[in-house]
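Below: one structure, written as structure tokens.
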Amino acid sequence: MLYRGAKSPIVRDMGGFKVRLNMPGWLLPWPRDHGYGPLAMVAETILDPGRLVAMHEHRNDEILSWVPEGVMRHDDRATGRLVTDRAHLMVMNAGQSFWHSEETLSGDPPLRMLQILVRPHSVDLPPNIQYGPIEPAPLNCWRHLVGAEGGGSAILLPQRHRFLRSQARGDGKGGVSPEGGEAPLLLCVLRFGGSRGRPV
């Protein structure tokens with residue numbers, strides 16, 4: 001069964017810092033939860049150049065940060081400064097407590113970032129940062145970005161979840177085969193004519 005969701009009406013606009021919250025569980029006909037299993041939500045963030053989201057805390061969130069456009073400058077009290085862009089992926093395993101900030105410099109392009117929040121299998125896990133390059137992949141092919149613990153992926157989540165990405169052009173077609181017990185969820189991120197993407 002395919003459930004197609006409209007653009008989420010839940011938007012927080014803080015002047016140069018705009019977040020649209022997408023609740024996957026609300027796509028179901030009779031939702032009992034805003035999440036879909038371990039997938040809690042997808043936050044689409046637009047951050048103008050020269051904006052700082054000051055140091056703030058996350059607890060018991062697993063946050064995958066993917067940047068289709070722009071540059072996100074991360075800072076935290078444990079790892080320090082990291083730059084996430086189209087070529088790099090970051091996962092914050094917030095666990096019992098994790099403090100971080102996000103920033104764009106005045107000379108940076110506008111940032112568009114998806115933060116995919118996953119519920120961990122247990123609360124108050126040790127906090128951690130995982131960061132690495134995204135290897136190039138051919139058009140219309142799926143690429144494995146993040147996997148479950150014990151699944152052989154370089155970046156891990158404490159949950160039975162896999163995240164794959166495909167960049168489709170034209171009439172590109174592709175499929176992904178769920179592993180045992182998996183329920184696939186497809187998130188479409190649109191770009192128009194090479195310009196800055198519009199919120200999904």
Side-chain angles (χ1 to χ4, degrees), residues 5-27 34-36 38-77 79-95 97-120 127-134 145-146 155 157 161 163-167 185-192 194-200:
K7 183 185 293 186
S8 172
I10 308 173
V11 178
R12 303 289 181 264
D13 192 341
M14 292 155 274
F17 172 35
K18 185 175 181 179
V19 181
R20 184 179 301 274
L21 301 178
N22 298 277
M23 307 297 188
W26 290 356
L27 301 179
H34 71 268
Y36 184 74
L39 181 60
M41 73 174 73
V42 179
E44 181 182 25
T45 300
I46 306 294
L47 196 62
D48 288 348
R51 290 288 274 115
L52 170 67
V53 181
M55 196 71 70
H56 58 282
E57 184 184 27
H58 288 274
R59 297 186 65 187
N60 294 316
D61 286 325
E62 308 297 317
I63 306 172
L64 190 162
S65 297
W66 176 57
V67 176
E69 299 183 35
V71 175
M72 189 271 284
R73 301 180 185 276
H74 163 99
D75 192 12
D76 68 71
R77 296 178 175 179
T79 309
R81 296 183 180 273
L82 297 170
V83 175
T84 304
D85 53 20
R86 293 187 68 185
H88 295 84
L89 191 70
M90 183 174 69
V91 170
M92 288 188 295
N93 309 106
S97 177
F98 195 91
W99 288 81
H100 80 118
S101 66
E102 295 144 327
E103 183 179 15
T104 54
L105 302 181
S106 58
D108 288 339
L111 169 67
R112 184 183 185 208
M113 174 172 62
L114 296 182
Q115 290 187 306
I116 302 170
L117 280 75
V118 176
R119 297 160 173 161
N128 190 30
I129 277 279
Q130 299 178 76
Y131 173 83
I134 301 175
L145 298 179
V146 177
I155 297 181
L157 287 174
H161 248 49
F163 289 92
L164 301 96
R165 179 191 177 225
S166 177
Q167 184 175 356
L185 180 73
L186 179 66
L187 175 68
C188 296
V189 181
L190 305 180
R191 302 182 72 203
F192 298 88
S195 63
R196 175 179 172 183
R198 296 171 175 81
V200 178

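All values reported here derive from a predicted model rather than from experimental measurement. Note that the numbering runs from 1 along the sequence shown for the chain.
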Distance-only, no hydrogens or angles: does the [X] side chain make a donor-acceptor pair with backbone N or O of [Y] under 3.5 Å?
| X | Y | answer |
| --- | --- | --- |
| Asp61 | Ala94 | no |
| His56 | His100 | yes |
| Ser106 | Gly50 | no |
| Arg86 | Ile134 | no |
| Tyr131 | Thr84 | no |

For residues [X] and [Y], determine if any side-chain heavy atom of one lies less than 4.5 Å from a side-chain heavy atom of the other.
| X | Y | result |
| --- | --- | --- |
| Glu44 | Val42 | no |
| Met113 | Met90 | no |
| Thr45 | Gln115 | yes |
| Tyr36 | Leu27 | no |
| Leu82 | His88 | no |

State, to 0.1 Å, how close [X] and [Y] come at their nearest heavy-atom pair, and which atoms those are.
| X | Y | result |
| --- | --- | --- |
| Ala43 | Val19 | CB-CG1, 4.0 Å |
| Gly70 | Asp85 | O-CB, 3.7 Å |
| Leu39 | Pro24 | O-CG, 3.7 Å |
| Pro109 | Pro49 | C-CG, 4.1 Å |
| Asn60 | Pro120 | O-CD, 3.4 Å |
| Ser97 | Glu57 | OG-OE2, 2.6 Å |

Measuring from atom [atom1] of [X] to atom [atom2] of [Y], what distance do you get when rounded to the nearest 0.5 angstrom?
| X | Y | atom1 | atom2 | answer |
| --- | --- | --- | --- | --- |
| Glu62 | Arg119 | CD | CZ | 12.5 Å |
| Arg81 | Ser101 | CZ | OG | 7.0 Å |
| Lys18 | Arg12 | NZ | CZ | 12.5 Å |
| Phe98 | Thr79 | CZ | OG1 | 5.0 Å |
| Trp99 | Arg77 | CH2 | CZ | 5.5 Å |
| Ile10 | Asn22 | CD1 | CG | 8.5 Å |

query: Which residues pass the salt bridge (charged side-chain N to carboxylate O under 4.0 Å, His left out) test with Asp108, sequence neighbours left out?
result: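 Listed in chain order: Arg73.
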query: Leu111 and side-chain contact (heavy atoms from CB on, under 4.5 Å): which partner among Val71, Ile46, Leu47?
result: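 Among Val71, Ile46, Leu47, the one that satisfies the side-chain contact (heavy atoms from CB on, under 4.5 Å) with Leu111 is Leu47.
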- prompt: Do you know which of Ile116, Leu114, Leu117 makes side-chain contact (heavy atoms from CB on, under 4.5 Å) with Leu64?
  reply: Ile116
message: Using the rule given for side-chain contact (heavy atoms from CB on, under 4.5 Å), can you reason through Asn93 versus Gln130, listing the C-alpha separation, both sets of side-chain angles and the distance that settles it, and then say yes or no?
response: CA-CA 8 Å; Asn93 309 106; Gln130 299 178 76; 2.9 Å; yes
side-chain contact (heavy atoms from CB on, under 4.5 Å) evaluation trace for Ile129 with His74: CA-CA 11 Å; Ile129 277 279; His74 163 99; 3.9 Å; yes
